[in-house]
Number of protein chains: 2
Amino acid sequence: MPGTDEDARIPAGHRRATMADVGRLAGVSATTVSFVLNEKSGQTISEQTRQRVLDAVAALDYRPNRMARGLRTKRTATLGFVTDEIGAEPFAGATIAGAHEVAWAQGSLLIVVSATRDRRILTDVVDDLIDRRVDALIFAVVGTRRIAVPQALKGVPALLLNGYVQGGLLPSVLPDEVAGGRAAAQLVLDAGHTRLAYLTGQASLWPTRARLRGFRDAVVRAGLDPHDQVVLRGNYRADSGYELTRQLLAAGPPPTAVLCGNDRMALGAYLALKEAGLRIPEDVSVVGYDDQVDLAADVHPALSTVRMPYYQMGRWAAQQAVAGTIPTLPTRTYLPCPPVPRASVGPPPPATA
Amino acid sequence: MPGTDEDARIPAGHRRATMADVGRLAGVSATTVSFVLNEKSGQTISEQTRQRVLDAVAALDYRPNRMARGLRTKRTATLGFVTDEIGAEPFAGATIAGAHEVAWAQGSLLIVVSATRDRRILTDVVDDLIDRRVDALIFAVVGTRRIAVPQALKGVPALLLNGYVQGGLLPSVLPDEVAGGRAAAQLVLDAGHTRLAYLTGQASLWPTRARLRGFRDAVVRAGLDPHDQVVLRGNYRADSGYELTRQLLAAGPPPTAVLCGNDRMALGAYLALKEAGLRIPEDVSVVGYDDQVDLAADVHPALSTVRMPYYQMGRWAAQQAVAGTIPTLPTRTYLPCPPVPRASVGPPPPATA
DNA sequence: CTGTTAGCGCCTTCAG
DNA sequence: CTGAAGGCGCTAACAG
C-alpha cells in the first residue's frame, strides 16, 4: 500500500484538502465536519467522531476556504481600510496598528489598501473592496479635511477617519485639535511665560486653524492679550521653522517661548536657535505638535509637544466597525490630543528685556 | 405597474443584483451576461444583446461578486502584503506605494496586513491570507535581517522583501547596502576630505555592518588608511548622533567630515555641531543615510545622503508576483542605493590642524 | 450566436 | 447524533 501516509500531506502546491476530503478520511460526511469545525451550531457530535474529524483535519492540514464560506454566509470577517495616501506619514502606521489590533482580536482581518488621491483610482478601489464584500469600510485621509467620498461608500457600513463630508452623512472620528492647541499653549503658560510666538502652517488647512484657535483660546483664558503674541506663518516643513525663527530673532528681543505648528517646524526652530547661540530651554522654550516618532523624543533637548490620537482613532474605528454600530454613530467624534511635557520647556529667563 | 423603474435600483443596503437578475432584465441567460462582461471569452455576442445586457447592468448597478468568481476561477486577483511591523517607519509607505501601483495597474489588488513581530499572530495572519486564496504573498520586514517565516508561506508563491531566510528557499529583494555605504563615503572623498568620522549603529544589525563595510571599502580604494578614520558606535537615534558628535568634538581636532549611519543620527550631529559654533559644510561636512522623507531635504543645510530603494523594491516585488515569476527567481536580488548630494557636503576647510 | 448543465467549497434546513 | 439535498453567485464545457 504505497503512500498511504505520505500522500495524506498536501503535495506542496497541489490542490488543498476540501471538507469532503476530511470527511472521507474521517469516515463521516462533510456536514459533520462542518459541525465540529464551527462548534456552537447547536448540534451535538459524539466526542469520538469529533476526535476522528479533528485528526483528519490535522492529517490533511485542512483549512476552510474562506471564499466559499463567505459566499455562503455573506460575511467575510474582513474590514477594509482605505487611505488616500499611505505615504511616509507616521499617521498611517499608528492608525493601522490600532485598527488592526482590535479587528484581529475580534476575529476580523483588516485589509489596508493604499489608493492615491486620484479620484478615479479611489473610486475603483472602494468598488473593488465592496465587490470583495468587506463587512465594513474605514476610509482614512492623512491631513484632516473635508473630502468627497466615492458614491459606492453608501453601499456598505462606512466610517471616516480624519476626514469629514459635507452633509454629515457618514460618521467621522477626528482629533480634537482645538483642545490640542490649547494644551500646547498651556504647557508654556503654566511655566510662567507671557511673551509667546506661534509658528503656524498653511491657513488653508483645517488643523492649522484649529490649533491656532486653541492657542488663542488659552492665551485669552490666561489673561494675556492675544495681539501681543506674534504669529508667523510657515508651511510645516523643518526649513520653514528654521526661517521663521531666524526672522523672529532678527526682529528684536525674542519671545521667551516658541510654539510650533508641528514637530518638524520645531526642529527647524531648534537649528536656528542653536545657531544663534541660544539655549533651550534656558533662553527660549520650544513646543512642537504631533509627538512625531523618532523625532520629538529624540532631539536634544527632548521636545515638549502634543500627541495625536492616531492609535486611538484606529482602535475606535475598528471597534465600531466590528461591533456593527456604525449606523448609530453621531456625525463627529473627537478624540483628545494630550500634552507631552519634556525638556524643551522651562521657566522664562529672569530678565526679559 | 408600480415601481417598474424605481425598484430596479438597489434599495440602498438591500440585496445586490446578481448575474441572473441582470439576465432576467435583459431577457437573456446569466451565461450570456458573463460572456459580455468578460469579453475575450472567444465568444461572440450580437451587438444588440450586448447593448441590452450592458444597459441592464447599468440599470441594476450590477457588480460581480468577486468571491463567487474567485471560488470558480481559483484566482482572486489579490496580492497579500504582510509586514511584521508597519510602524511609523517611512519604509512601509514607499514600499507599499510601489507595490500597490504595479499590482493595481495589472488588475490586482494589493492588500496590506500589518502583523506584529509576535510569531503566533504572524503565522495566523499568513494562514488567514492563504485561506482567502491570495494569488501571491509579499512578506516584508522593516529592518533588513534574517527571519524565520511561517511554514504556511510554502503553500503559496511568496517573496521576501528586505528579509531573507537561512536556506534561501524563498527569494528575497534587498537594498544593496554595501554599495550604499561606499556611495556615502564617496560623497566626501570626492570633495577632497581625508579625515573622516563614521557614526555607526548597532553592530548586531545587518545594515550597520554592510554600510560600514562599504565605507571601509571606499576609504581603502581612495588610498587612505582605514585605521586613521574614527568609527564611533551609537544606536541610530538622533540623540545618539548628538552624543557621539560631542564626544568627537571633545576628543580633539574634529575630522572634516562626519558620516552617519542614518539621517536621524545626522540630525543629532547637526544639533551638536551648531551648538559648538561649527558651520556645515564650511567647517564640517555631514552625510546621512536613508534620505528620510521630511527630514533629509528639509533640514538646514539640506543633508547629503543615500537613498533606500524602497519604492523600487515594492514595485519589483509586485511585478514578480503578478507576473507569476516568483518560482524562477534567484535567491537574492539587490537593488541600488543611490547617493543624493545636497548642501551639507563641501570641500574640507583649508587649515586642517 | 445563445442557453443548459454542472460544479467551485462551504453552510444549513430538514430528515432520519 | 448524523447525513442528504440544496444553493450562495459565478464560469466553463458542451450543445443547440
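As the structure is a computational prediction, the values presented were derived from the model and not from experiment. Residue numbering restarts at 1 for every chain, and letters A, B, ... go by the order of the sequence lines.
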Item to complete: Please report, rounded to the nearest Å, how far the C1' atom of D:dC8 is from the CZ atom of B:R72.
Response: 14 Å
Practice prompt. List for me each residue that meets salt bridge (Lys or Arg N to Asp or Glu O under 4.0 Å) alongside B:D135, sequence neighbours excluded, and say none if there are none.
Written response: B:R75
Worksheet item: Between D:dT11 atom P and B:M67 atom CE, what is the distance in whole Å?
Response: 13 Å
Worksheet item: Can a side chain N or O of A:N38 be found less than 4.0 Å away from OP1 or OP2 on C:dC11?
Response: yes
Item to complete: Kindly point out which of C:dT4, D:dG9, C:dT2 is positioned nearest to the side chain of B:T31?
Response: C:dT4
Practice prompt. Round to the nearest Å and state the distance from B:M19 atom CE to D:dG9 atom C1'.
Written response: 9 Å
Practice prompt. Look at all strands and tell whether A:S46 reaches a base, only sugar-phosphate, or nothing, counting heavy atoms closer than 4.0 Å.
Written response: sugar-phosphate
Practice prompt. Provide, to the nearest angstrom, the distance between the CD atom belonging to A:Q51 and the P atom belonging to D:dC1.
Written response: 16 Å
Practice prompt. Report yes if a side-chain nitrogen or oxygen of B:K74 is closer than 4.0 Å to either non-bridging phosphate oxygen (OP1 or OP2) of D:dT11; otherwise report no.
Written response: no
Worksheet item: Does A:T18 put a side-chain nitrogen or oxygen below 4.0 Å from OP1 or OP2 of C:dC10?
Response: yes
Fill in: Interatomic distance where CZ belongs to B:R66 and P belongs to C:dG9 [whole Å]
19 Å
Worksheet item: What integer distance in Å separates A:L71:CG from C:dC11:P?
Response: 11 Å
Worksheet item: So, is A:S34 close to the C:dC11 phosphate, meaning a side-chain N or O under 4.0 Å from OP1 or OP2?
Response: yes
Worksheet item: Hey, is the side chain of A:T73 poking within less than 4.0 Å of OP1 or OP2 on C:dC10, counting only N and O atoms?
Response: no
Discussion item. Under a 3.5 Å cutoff, is there a donor and acceptor pairing between the side chains of A:R66 and A:T78?
Written reply: no
Discussion item. Whole angstroms only, please: what is the CZ-P distance between B:R24 and C:dG3?
Written reply: 14 Å
Worksheet item: If you fit an axis to the five pairs at each end of the helix from C:dC1-D:dG16 to C:dG16-D:dC1, how big is the angle between those two axes, to 10 degrees?
Response: 40°
